[in-house]
Novice: 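Structure below; questions to follow.
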Amino acid sequence: MSGTFNAKVYEVVKCIPEGKVATYGQVAALAGAPRNARFVGYALHVNPEPGVIPCHRVVFRDGSLAPGFAFGGPDEQRALLEDEGVRFIPPAPHHDNAGDEGWVVDLKRCQWQC
DNA sequence: GCAATGACCTGCT
DNA sequence: CAGCAGGCCATTG
């Protein structure tokens with residue numbers, strides 16, 4: 001009930017359609033705070049409404065997921081996103097930040113846009 | 001009620 | 001090109 005930036009985050013995240021993913025920075029920007037990407041993660045951490053907030057659709061700016069904090073594990077998260085229709089691609093040689101096994105979301109084609 | 005921390009991102013050196 | 005530091009709001013102890 002914090003009618004504030006935090007609540008806006010849930011609104012944006014819940015507004016993400018299937019087969020699409022949004023980045024923390026994007027959600028934060030849509031919430032009205034491009035520099036508050038940090039608190040976006042915190043907002044999802046409290047996750048006041050589990051099952052309603054697709055936190056697994058929220059990924060890093062690089063396309064990697066949140067390792068260790070996923071609801072069931074990066075493997076489950078990847079399978080879930082892939083099952084929804086999200087496209088996954090291997091890490092680029094010049095940009096390898098393996099968040100999980102080295103699979104990153106194709107932000108080029110599956111990043112949710114307003 | 002005070003203080004500290006937190007799934008990040010951006011800019012500058 | 002790469003590495004380092006800072007910043008914001010809210011929640012919890």
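Numbered from 1 within each chain, the chains take letters A, B, ... in sequence-line order. Reckoned from all heavy atoms, side chains included, excluding hydrogens, waters and symmetry mates.
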Novice: Measure CG/A/Asp62 against C1'/B/dA7 and give the value in whole Å, please.
Specialist: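 Value for this atom pair: 13 Å.
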Novice: If you take any heavy atom closer than 4.0 Å to DNA chain B, which residues from residues 43-56 of chain A end up in contact?
Specialist: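 Those residues are A/Leu44, A/His45, A/Cys55.
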Novice: Suppose we screen for salt bridge (charged side-chain N to carboxylate O under 4.0 Å, His left out). Which residues come up paired with A/Glu82, at least two apart in sequence or across chains?
Specialist: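 So A/Glu82 forms a salt bridge (charged side-chain N to carboxylate O under 4.0 Å, His left out) with A/Arg78.
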Novice: Under 4.0 Å, heavy atom to any atom of DNA chain C: which of residues 10-22 of chain A qualify?
Specialist: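 Close to the strand, none.
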Novice: Please, which pairs that meet side chain to side chain donor-acceptor pair (under 3.5 Å) have at least one residue in residues 10-19 of chain A, sequence neighbours excluded?
Specialist: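 Every side chain to side chain donor-acceptor pair (under 3.5 Å) pair that includes a residue of residues 10-19 of chain A, provided the two are not neighbours, is A/Asn6-A/Tyr10.
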Novice: According to side chain to side chain contact (heavy atoms under 4.5 Å, CB included), who are the partners of A/Tyr24, at least two apart in sequence or on a separate chain?
Specialist: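 Only A/Ala37, A/Val40, A/Leu44, A/Val58, A/Phe60, A/Ala66 meet the side chain to side chain contact (heavy atoms under 4.5 Å, CB included) criterion with A/Tyr24.
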Novice: Quick one: are A/Leu30 and A/Trp112 in side-chain contact, heavy atoms under 4.5 Å?
Specialist: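 Yes, close enough: below the 4.5 Å cut-off.
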Novice: With rounding to the nearest 0.5 Å, note down the distance linking CD1 in A/Ile16 to CD in A/Gln111.
Specialist: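 The CD atom of A/Gln111 is 10.0 Å from CD1 of A/Ile16, to the nearest 0.5 Å.
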Novice: Would you mind listing every side chain to side chain donor-acceptor pair (under 3.5 Å) that reaches into residues 31-60 of chain A, with sequence neighbours excluded?
Specialist: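 Matches after skipping sequence neighbours: A/Arg57-A/Glu84.
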Novice: Mind listing the N/O atom pairs, protein and nucleotides 1-4 of chain C, below 3.5 Å?
Specialist:
none

Novice: Establish whether A/Leu80 and A/Phe69 are linked, either directly or via other cluster members, by ILVMFWY side-chain heavy-atom contacts under 4.5 Å.
Specialist: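 Different hydrophobic clusters.
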Novice: What heavy-atom pair brings A/Arg61 and A/Thr23 nearest, and what distance separates the two atoms?
Specialist: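 Here A/Arg61 and A/Thr23 meet closest at CD-OG1, 3.9 Å.
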Novice: Indicate whether OP1 or OP2 belonging to C/dA10 is found under 4.0 Å from a side-chain N or O atom of A/Thr4.
Specialist: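 The answer is yes; a side-chain N or O of A/Thr4 sits under 4.0 Å from OP1 or OP2.
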Novice: Tell me the interatomic distance from A/Phe5, atom CZ, to B/dG6, atom C1', rounded to whole angstroms.
Specialist: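 After rounding, the reported distance stands at 12 Å.
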Novice: Got a sec, which residues hit side chain to side chain contact (heavy atoms under 4.5 Å, CB included) with A/Pro34, two or more places apart in sequence or on another chain?
Specialist: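 Checked A/Pro34 against side chain to side chain contact (heavy atoms under 4.5 Å, CB included); zero matches.
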Novice: How far apart are the closest heavy atoms of A/Ala33 and A/Phe5, and which atoms are they?
Specialist: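 Heavy atoms of A/Ala33 and A/Phe5 come nearest at CB-CE1, 3.6 Å.
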Novice: Figure out the OH/P separation between A/Tyr42 and B/dG6, and round it to whole Å.
Specialist: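 Rounded to whole Å, this separation is 8 Å.
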Novice: I'd like to check A/Ile89 versus A/Val104 (side-chain heavy atoms, cut-off strictly below 4.5 Å). Are they in contact?
Specialist: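 Heavy-atom side-chain distance check passes, below 4.5 Å.
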Novice: Give me the atom names and distance for the closest heavy-atom approach of A/Pro54 to A/Val13.
Specialist: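 Closest heavy-atom pair between A/Pro54 and A/Val13: CG-O, 3.5 Å.
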Novice: Please list residues of residues 23-40 of chain A whose heavy atoms come under 4.0 Å from any atom in DNA chain B, ordered by number; otherwise none.
Specialist: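 Close to the strand are A/Tyr24, A/Gly25, A/Ala37, A/Arg38, A/Phe39.
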Novice: Going by salt bridge (Lys or Arg N to Asp or Glu O under 4.0 Å), name the pairs with one or both residues in residues 104-114 of chain A, residues two or more places apart or in two chains.
Specialist: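 Matches after skipping sequence neighbours: none remain.
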